[in-house]
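Positions are given from 1 along the sequence.
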Amino acid sequence: MGVEGTLEYLSTLLSSAKKRKKKKQIQTVALKVRMDCEGCERKVKNVLSGVKGAKSVDVDRKQQKVTVTGYVEPKKVLKAAQSTKKKVEMWPYVPYTLVAHPYVAQAYDKKAPPNMVRSIPNTVTINETTVDDRYTNMFSDENPNACSIM
């Protein structure tokens with residue numbers, strides 16, 4: 001192998017390094033899909049199994065839940081599910097043990113599966129406004145213009 005062969009080898013090595021992509025990791029995407037009958041279930045399963053990279057599609061009509069596992073992107077799975085003209089959203093439920101306040105109005109859902117509540121941010125229970133600060137300062141001992149009756 002001469003100089004030309006070495007240069008050719010190095011150039012192919014570098015050009016192939018640029019073309020390499022990161023391997024996608026296996027993901028599980030859960031969706032809540034409105035399904036009424038076996039036909040709806042079959043239609044959703046056929047569409048989602050056609051998504052590039054999908055390895056398995058599990059449908060639970062009773063819970064209205066579809067789980068897609070494989071080398072997929074959640075946005076593409078959601079878009080494919082929406083193409084069936086069904087009401088679709090990402091699976092909103094988590095076990096109630098993972099939520100700080102599972103019985104606040106935003107988390108509690110009568111239609112949720114057993115031992116599950118809606119996933120909500122932890123800031124839901126914070127209810128602070130600027131009005132509260134004014135009332136607090138009005139009766140403060142540190143405020144010289146505060147109410148003198150107290």
*Asks:* If you count the non-hydrogen atoms of other residues, nucleotides and ligands that lie under 6.0 Å from CD in Glu8, is the total more than 12?
*Replies:*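 For Glu8, atom CD is not crowded (no more than 12 foreign heavy atoms under 6.0 Å).
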
*Asks:* Is a side-chain donor or acceptor of Gln63 paired with a backbone partner of Asp60 at a separation under 3.5 angstrom?
*Replies:*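 Not confirmed, Gln63 side chain does not pair with Asp60 backbone.
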
*Asks:* How many angstroms lie between CD in Glu73 and NZ in Lys79, if you round to the nearest 0.5 Å?
*Replies:*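 Atom-to-atom, Glu73:CD and Lys79:NZ are 11.5 Å apart.
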
*Asks:* Kindly compute the distance separating CG (Asp58) from OG1 (Thr28), expressed to the nearest 0.5 Å.
*Replies:*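 Between atom CG of Asp58 and atom OG1 of Thr28 there are 9.5 Å.
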
*Asks:* In Å, rounded to the nearest 0.5 Å, how long is the span from CD of Gln64 to SG of Cys40?
*Replies:*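 These two atoms lie 9.0 Å from each other.
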
*Asks:* Looking at every heavy atom in both Ala81 and Leu31, which two are closest together, and how far apart are they?
*Replies:*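 Reported closest heavy-atom pair: CB-CD1, 3.8 Å.
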
*Asks:* Does one hydrophobic cluster hold both Val77 and Met90, with members joined at side-chain heavy-atom distances below 4.5 Å?
*Replies:*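 Yes: a chain of side-chain contacts under 4.5 Å links Val77 to Met90.
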
*Asks:* Starting from Trp91, walk the hydrophobic network (Ile, Leu, Val, Met, Phe, Trp, Tyr; side-chain heavy atoms closer than 4.5 Å) and list everyone else you reach, by chain and number.
*Replies:*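 Once heavy-atom contacts under 4.5 Å are chained together, Trp91 belongs with Tyr93, Met116.
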
*Asks:* How long is the gap from OG on Ser83 to CG on Leu48, to the nearest 0.5 Å?
*Replies:*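 If we round to the nearest 0.5 Å, Ser83:OG and Leu48:CG are 8.0 Å apart.
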
*Asks:* Within a strict 4.5 Å, meaning less than it, do heavy atoms of the Val29 and Thr67 side chains meet?
*Replies:*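 No, side chains not in contact.
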
*Asks:* Would you say that Ile26 contacts Lys55 through its side chain, given a criterion of any heavy-atom pair below 4.5 Å between the two side chains?
*Replies:*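 Answer no - side chains too far apart.
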
*Asks:* Applying a strict under-4.5 Å side-chain criterion to I, L, V, M, F, W and Y, I'd like to know whether Leu78 and Val33 cluster together.
*Replies:*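 In one cluster: yes.
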
*Asks:* Decide if atom NZ of Lys32 counts as having more than 12 heavy atoms of other residues, nucleotides or ligands within a radius under 6.0 Å.
*Replies:*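 More than 12 heavy atoms, drawn from other residues, nucleotides or ligands, come within 6.0 Å of this atom.
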
*Asks:* Taking the side chain as C-beta and beyond, is there a heavy-atom pair between Val68 and Val51 under 4.5 Å?
*Replies:*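 No, side chains not in contact.
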
*Asks:* Which atom pair, heavy atoms only, marks the closest approach of Arg61 to Asp36?
*Replies:*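 Minimum heavy-atom separation between Arg61 and Asp36: NH1-O, 3.6 Å.
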
*Asks:* Hey, could you give me the NZ/CZ distance between Lys86 and Arg34, rounded to the nearest 0.5 Å?
*Replies:*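 Reported value, rounded in 0.5 Å steps: 9.0 Å.
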
*Asks:* Minimum heavy-atom separation for Ser49 and Ala54, please, with both atom names.
*Replies:*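 Shortest heavy-atom contact: O-CB, 4.3 Å.
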
*Asks:* Pair Lys76, Lys52 - check side-chain contact (heavy atoms from CB on, under 4.5 Å), show working.
*Replies:* CA-CA 9 Å; Lys76 288 184 180 179; Lys52 184 179 177 184; over 6 Å; no

*Asks:* Taking the side chain as C-beta and beyond, is there a heavy-atom pair between Lys45 and Glu41 under 4.5 Å?
*Replies:*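 Counting from C-beta outward, Lys45 and Glu41 never come under 4.5 Å.
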
*Asks:* To the nearest 0.5 Å, what is the distance between CE (Met35) and NZ (Lys65)?
*Replies:*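 Going from CE on Met35 over to NZ on Lys65, the span is 11.5 Å.
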
